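The chain is numbered in sequence order, starting from 1. Remember, predicted model here, so these are calculated numbers, not experimental data.
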Amino acid sequence: MSRLRFTSLRLRLVVVFALVALTAAVSASGIAYWLNREAVLTRTQDAVLRDFQQEMQNRAGALPVHPTQDQLQHTAGQMAGSSQRFSVLLVGQDASGRTVYGNSGGLSGFALEDVPGSLRAAVNKRQPLSAANKSPYHLYWQRVTEHGTPYLVAGTRLVGGGPTGYMLKSLEPEAKDLNSLAWSLGIATGLALIGAALLAQAAATTVLKPVHRLGVAARRLGEGRLDTRLRVSGTDELADLSRTFNNAAEALEKRVADMAARDDASRRFVADMSHELRTPLTAITAVTEVLEEELDSESGGIDPMIEPAVRLVVSETRRLNDLVENLMEVTRFDAGTARLVLDDVDLADQITACIDARAWLDAVELDAERGLHARLDPRRLDVILANLIGNALKHGGSPVRVSVREADDEIVIEVRDHGPGIPEDVLPHVFDRFYKASASRPRSEGSGLGLSIALNNAHIHGGGITAANSPGGGAVFTLRLPRDASALTEQDEGGGRDTDGDGTGGTGEGDDTKGGAR
């Protein structure tokens with residue numbers, strides 16, 4: 001039944017074939033019936049009228065001008081005995097001027113009342129003589145139906161005086177023949193309709209089978225099975241369509257393979273570059289730490305003239321180190337090698353530790369009940385919280401409020417600030433990598449990857465992060481995490497987690513994706 005649903009091409013083909021066949025069959029049958037009907041009726045009618053006219057001339061014409069009723073009755077009987085077997089009514093006037101009738105069927109036979117009045121008036125009307133009209137009276141006829149039986153009624157009047165004759169002929173045999181013809185044509189129409197439906201079904205199967213195979217192949221291609229190909233047979237349009245599909249699938253497979261190779265090469269390049277940068281950065285970081293200690297020492301070991309340059313080197317070195325660490329974390333997510341190290345976490349203690357480690361206690365308000373536990377990766381949760389709270393402090397302003405609540409099997413953490421909020425056109429892009437809301441601020445203290453890393457860390461837990469503006473002002477970032485991420489770890493053992501334990505993920509100092517929007 002699903003193959004014959006109303007919107008299916010198969011059903012439409014069958015309906016169209018059936019309608020065409022029905023129209024053709026009905027038209028042919030109608031024309032054939034009409035032609036045969038006219039031929040049968042005209043042939044019968046002409047034979048009857050010709051015989052009646054001949055009988056009127058030979059037998060009625062032999063009667064005296066004023067015949068008696070017996071004469072009319074006898075002559076009517078003789079006329080009815082002709083080869084056509086019709087009923088006859090003769091009407092005349094006897095010598096005394098009285099109207100007399102002669103009926104071939106006796107008292108219960110054909111009567112003058114059975115003749116339509118219009119026909120009687122036409123028969124008795126005298127026509128003016130002219131070059132085109134040589135006789136004042138003519139033969140007139142009419143078809144009538146009485147009690148479902150068709151009849152032919154005709155009448156004429158003798159020229160030069162004499163009786164008026166009327167004839168009644170039953171057309172029931174001809175009507176039965178025409179009904180049999182109509183039934184035959186109807187049966188032929190029905191058979192033609194059934195044949196057309198079967199032919200349409202066969203044609204639809206022939207046409208739609210390749211289309212169905214094409215649809216199945218397209219679905220498989222959409223599912224990522226790029227090696228899908230169609231078997232091509234024949235030289236018709238459907239074969240050309242199959243060849244076109246195969247060419248398109250082959251080109252798509254090659255294009256995807258090239259893009260995957262370039263993507264893998266890009267990821268390897270970023271990973272290799274990050275690893276190569278870590279060694280010199282380690283040495284540079286050690287030097288900058290020494291320089292920073294000299295800057296903070298009371299002995300004043302740094303020349304005041306170069307102190308700003310030294311502070312800039314220290315700041316940019318720290319920023320470069322954070323960027324490299326973030327790039328390494330991003331490559332783990334892209335390669336699908338980031339892994340979770342789960343532990344039972346007290347959320348209030350975890351958030352407090354995150355805030356305390358970064359000296360944000362005076363600028364952050366925490367609304368979380370003690371004893372609310374979840375099975376998560378503590379390090380990755382710390383990365384998420386550090387990025388969200390750090391961005392709120394940097395771009396929204398204190399106080400920042402962090403609230404924790406339960407929702408079914410989820411933990412919901414909201415980070416709300418009191419800043420101007422995020423422009424509506426920027427909201428869809430706040431988690432994009434290196435996104436800058438303003439071209440005039442291409443640089444910032446963050447790496448531009450913090451929020452993206454936070455979102456990926458939420459995803460591998462089976463959760464997510466959304467950004468919005470609070471009706472009362474300020475931005476609200478909502479983190480949703482499952483109460484137990486171990487179920488996700490068992491189901492998706494091969495993807496989305498860290499292969500080594502040294503990925504730092506993010507610095508917790510905020511990131512420029514959000515900063516450029518404020």
Side-chain angles (χ1 to χ4, degrees), residues 329 332-333 336 338-357 360 364-393 396 399-417 421-422 427-432 449-472 474-498 503 505-506 508 510-511 513-514:
E329 185 76 353
R332 294 188 187 98
F333 288 123
R339 298 190 179 277
L340 294 174
V341 180
L342 299 177
D343 194 5
D344 188 65
V345 176
D346 186 305
L347 294 173
D349 291 344
Q350 179 72 25
I351 298 173
T352 302
C354 174
I355 297 172
D356 184 46
W360 292 340
V364 178
E365 299 177 356
L366 177 60
D367 180 12
E369 295 183 0
R370 297 287 178 180
L372 185 58
H373 291 262
R375 186 164 180 77
L376 305 168
D377 186 326
R379 182 186 63 82
R380 295 189 182 279
L381 178 60
D382 181 78
V383 170
I384 298 173
L385 295 172
N387 277 286
L388 295 182
I389 299 173
N391 271 276
L393 289 171
V400 171
R401 182 176 179 83
V402 180
S403 59
V404 183
R405 57 185 174 86
E406 293 181 89
D408 298 330
D409 293 333
E410 290 184 329
I411 298 296
V412 180
I413 302 175
E414 289 187 353
V415 179
R416 184 189 305 268
D417 62 44
I422 307 173
L427 273 175
H429 306 286
V430 293
F431 296 103
D432 293 351
L449 295 172
L451 288 181
S452 175
I453 292 174
L455 181 62
N456 282 319
N457 278 315
H459 283 168
I460 66 173
H461 278 90
I465 306 175
T466 58
N469 288 315
S470 174
V476 180
F477 282 80
T478 304
L479 169 64
R480 294 180 179 273
L481 297 174
R483 290 290 300 269
D484 188 357
S486 59
L488 178 67
T489 305
E490 295 172 359
Q491 294 174 4
D492 191 13
E493 191 66 32
R497 292 168 224 133
D498 199 357
D511 105 296
T513 303
K514 183 178 175 185

(Q) Just to verify, what does Asp367 make a salt bridge (Lys or Arg N to Asp or Glu O under 4.0 Å) with, not counting sequence neighbours? (A)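 Scan of Asp367 (salt bridge (Lys or Arg N to Asp or Glu O under 4.0 Å), adjacent residues dropped) gives Arg401.
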Measure across [X] and [Y] and return the closest heavy-atom pair with its distance rounded to 0.1 Å.
X: Val341; Y: Asp377; result: N-OD2, 2.8 Å
X: Ile384; Y: Ala454; result: CG1-O, 3.6 Å
X: Ala467; Y: Leu427; result: O-CD2, 3.7 Å
X: Leu481; Y: His461; result: CD2-CB, 3.8 Å

Checklist entry - Any side-chain heavy atom of Leu376 within less than 4.5 Å of one from Asp484? => result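 Leu376 vs Asp484: side chains apart.
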>> Within the 4.5 Å heavy-atom criterion, are Ile460 and Leu340 side-chain neighbours or not?
In response: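 Yes, side chains in contact.
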List for me each residue that meets side chain to side chain contact (heavy atoms under 4.5 Å, CB included) alongside [X], sequence neighbours excluded, and say none if there are none.
X: Glu410; result: Arg480
X: Ala368; result: Ala348, Leu366, Val404
X: Thr466; result: Thr478
X: Leu455; result: Phe431, His459, Ile465

Could Arg405 and Glu369 be called an ion pair, given the rule that one side-chain N must be under 4.0 Å from one carboxylate O? no
Pairs in or reaching into residues 341-355: which pass salt bridge (Lys or Arg N to Asp or Glu O under 4.0 Å), with residues at least two apart or in two chains?
->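 Residue pairs with at least one partner in residues 341-355: Asp349-Arg370.
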**Asked** Is a side-chain donor or acceptor of Asn387 paired with a backbone partner of Val383 at a separation under 3.5 angstrom?
**Response**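 The answer is yes, because a donor-acceptor pair under 3.5 Å joins these two groups.
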Practice task
Mark yes or no for whether Gln350, through its side chain, and Pro378, through its backbone, hold a donor-acceptor pair below 3.5 Å.
Solution key: yes
